[in-house]
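Report on the structure given below.
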Amino acid sequence: MTLQEYTASAHNFEECMKCTVCTAYCPVVPVNPLYPGPKQAGPDGERLRLKDPFFFSETLKYCLNCKRCEVACPSDVKVADIIQAARIKYSTSKPKLRDMMLASTDFMGSLARPFAPIVNGVLSLGVTKAVLDGFMEVDRHRKFPKYSFRGFEGWFKRKAASSQAAFEKKVAYFHGCYVNYNFPTLGQDFVKVMNALGYGVELLKDEKCCGVAMIANGMSDKARKNAVSNVQALSEAVSRGLKVLTSSSTCTFTMRDEYPELLGVDNSAVRDSIILATRFIFEELENGVKLEFKPDFKARIAYHTPCHLEKLGWGVFSKGVLKKIPGVELIPLDSACCGIAGTYGFKKENYEASQAIGKPLFDQIEAVAPDFVACDCETCKWQIEMSTPYKVLNPISVLAAALA
Amino acid sequence: MKFDVAIIGGGLAGLTAGLSLQKRGLSTVIISAGQNAMHFSSGAFELLSRTPDGMPVDSPLEDIPLLPGDHPYSKIGLPRLTALIDQVPQLFASAGIKLQGHALRNSFRITPTGTLKRAWLALEDVALLPTVETSVGRKVLLVNLAGYPDFFTSFIAEGLEARGSSVRICSLKLPEMETLRTSPSEMRSVNIARVMDTAWKSVVDGVKLHLRGEDTVILPQVFGLKDESVLSLVRGSIPANVLFVGTMPPSVPGIRAQMKQKAAYENAGGTTLMGDTAVSAVLDGGRVVSLRTRNLGDHPVEAGQFILATGGFFSKGLSSTPSRVYETLFSLDVDYDADRNNWYAYDFFTPQPYLDFGVKTDNSFRAVRDGEAIENLRVIGSILGGAHSFKLGCGGGVAILSALAVAEDLSNELK
């Protein structure tokens, strides 16, 4: 080993000036005393781990990877990247069956979908929940997202693909597991909005799960395989001059930033072309493209910025698009984590922390009492719908509903 | 994205300018690379603490005319400066931030090392004495929390005893803090403050048990991270004069003030690009047209007017190579000594010359590049040249008042 291997990290821990501002904005620290906090788990710990992996602590699994530490850091230290990279490099704990099932959103989705009515029924039974809770340590309070009998890809091929060819301008769509297996309606809304803007939609040749849940559950090898495959599929579309739009903020963030930072997968040829649809729509509207809206559309919307969208810095586009819909009263909620963090909140051991983290957000939503909440992340949607009486819609679906 | 004014930097100056402009009906954006220096602040703002000759200042307004012509206060001019000073408490109050103190006479705050420093305005939980002779208390109970490393009781006691108080130190061991202590490296002011939202009662009970007729109780500033109401609960429940004294960073009062300022700015319709950095600017015919940021990539931030509030070396508004000091975004002209040997003073405890370096501006705070003023780019806050804020003790005042002056000018121009 060279001296550098004991002192140099792939991430910039040496830029940390020990100010502890990250800790002030960490959503986990106030609710979980077992978590060492972002500064200790990140740059402070990195210095020690480089000398001896003995200093790695499995308590780093309590990090949500919400990246709020990085957004707050005045020195641009990649605090959460340091923590997640350390988990990938040093963790010796193997993912449990539960973790693998929660993380394999595409595998589980393709198994469950053909039997969707049965699976949905079984998953919502009290006895199933008790079994999941007892044997699998999936918290009994959680509602599983329903599986959709007909997936989005199938719908697209049968009902939409042929009409898309008529459009001269095209975009590619990375729909993600949620749209395909659980909620094709969002994908259908996306196609409707794109068509209204004058764009035809194409799917990628071979889309795989972005891998975010695999990274979080100690399955980085599988995540890396998906990343390599996705970059190839993205490159194929990008090389034909297409932008690849997304409707999930977390898939977007994972493919743009986690691929190179955590998985070491070079995405430089496609990164700038992976764009959350609201950004694309905002730019189209700013460039003078006109959409026809229902004259009587009225909605009082509370908007929640998902953590990964906060990190991308693009919440301004989603809010901007919603504000451009006539009849919308938009109330931006305070920047705060909802607590679900993908699969984190599904785990029995995290349930209480997850709900405690989200409480200020839930309280604010109830105080605002909107018609519904808007948000670009599917797991925030599950969390908010479970924890408040309000429905959560993706901004794309709001836009689709408002179109004439 | 298009705005009337784009502000680069979300610190005290940037947020003050943003809030003031939004209140005047203009649309603004603030690009903020991470949380700002208020997180390290004492919770007090200086207006002017020393004259250029190094003499202590008791009445800032009387001594401001002694400042040289290139000082930001001189550029604003005393009559206008006085009018702007009068607006400050109200602007902060509108954001829910109560300030104590006034510009006619400097007050004195107790520092974390037990000395006194001059202050113009201070947040509610900063112990502020009206004069240098004011006694902190005849008998003082100085309270720390067991395991908290960032509150230096012996320094503070030494400082207060030198000023005639009799000081007794005690340490409270609270059951509520035992879980915090399992992670000693994170035993910091903000984490304690979160616990104190409910555990303040135990502090009060502990203090009452320790009280032996002391007239004054001093506690660390670890109360009320989001909501200062816990301060008055503590004050009201202890039968003595309760003072809060600063800790090592992060600063609980500073964070609370910045959160409120940011919330007020956003509630007034302002847009924040948090955790983003302006990486380049597009200029055309001597005017700034747009900015590019790291997160927005090729999506430009366009505005009619721009404000540079990026701070000094600490916030990376200024940077240096071995041979030159430069402004990082626009390459503006910087006022500094060409001879590197003159950048430092050998005595570490004297004001360091490099801290006086700053961007050159015209009398309306327009940025100067290659000797020419850029028509629609103003400069405010600690990156301003000519302020000598460490030497003169005027950093807070320069940040707030340059922001207010520029906000007023821009709204007059744009209307």
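Every chain is numbered from 1 and lettered A, B, ... according to where its sequence line falls, protein lines coming before strand lines. Owing to the predicted nature of the structure, the values given are computational and were not obtained by experimental measurement.
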Query raised in the report: Do A:E310 and A:S335 have side-chain atoms, one donor and one acceptor, less than 3.5 Å apart?
Result: yes
Report summary line: Pair count under 4.5 Å, heavy atoms only, with chain B: among A:G37, A:C26, A:S75, highest is A:G37
Query - Interchain contact, B:L296 with chain A, by part (heavy-atom threshold 4.5 Å) - result: both
Requested in this report: Identify which part of B:M1 has an atom lying under 4.5 Å from any heavy atom of chain A, answering side chain, backbone, both or neither.
Outcome: both
Query - Gap between atom OH of A:Y35 and atom OG1 of A:T23 - 0.5 Å precision - result: 8.0 Å
Requested in this report: Could you tell me how the ring of A:F317 sits relative to the ring of A:W314: parallel (under 30°), tilted (30 to 60°) or perpendicular (over 60°)?
Outcome: perpendicular
Query raised in the report: If you count the non-hydrogen atoms of other residues, nucleotides and ligands that lie under 6.0 Å from CD in B:E266, is the total more than 12?
Result: yes
Report summary line: Residue from A:M17, A:R279, A:K18, A:E70 scoring the most non-hydrogen pairs under 4.5 Å with chain B is A:R279
Requested in this report: Say whether B:R188 and B:N191, considering side chains only, have a donor N or O and an acceptor N or O under 3.5 Å apart.
Outcome: no
Query raised in the report: For A:C19, is it the side chain, the backbone, both or neither that has a heavy atom under 4.5 Å from a heavy atom of chain B?
Result: both
Query - A:S249 vs A:C377 side-chain heavy atoms within contact, under 4.5 Å - result: yes
Requested in this report: Tell me, for B:D298 versus chain A, whether the close heavy atoms (under 4.5 Å) come from the side chain, the backbone, both or neither.
Outcome: both
Query raised in the report: Using a distance-only test with no angle check, is there a side-chain donor-acceptor pair under 3.5 angstrom linking A:Y303 and A:D376?
Result: yes
Report task. Below 4.5 Å from any heavy atom of chain A, which atoms of B:K2 appear? Answer side chain, backbone, both or neither. Result -> both
Query - chain A contacts, top residue of B:P249, B:G275, B:G297 (heavy-atom pairs, under 4.5 Å) - result: B:G275
Query raised in the report: Among A:P30, A:G313, A:P33, who wins on heavy-atom pairs under 4.5 Å with chain B?
Result: A:P30
Query - Toward chain B, the part of A:F282 with a non-hydrogen atom under 4.5 Å - result: side chain
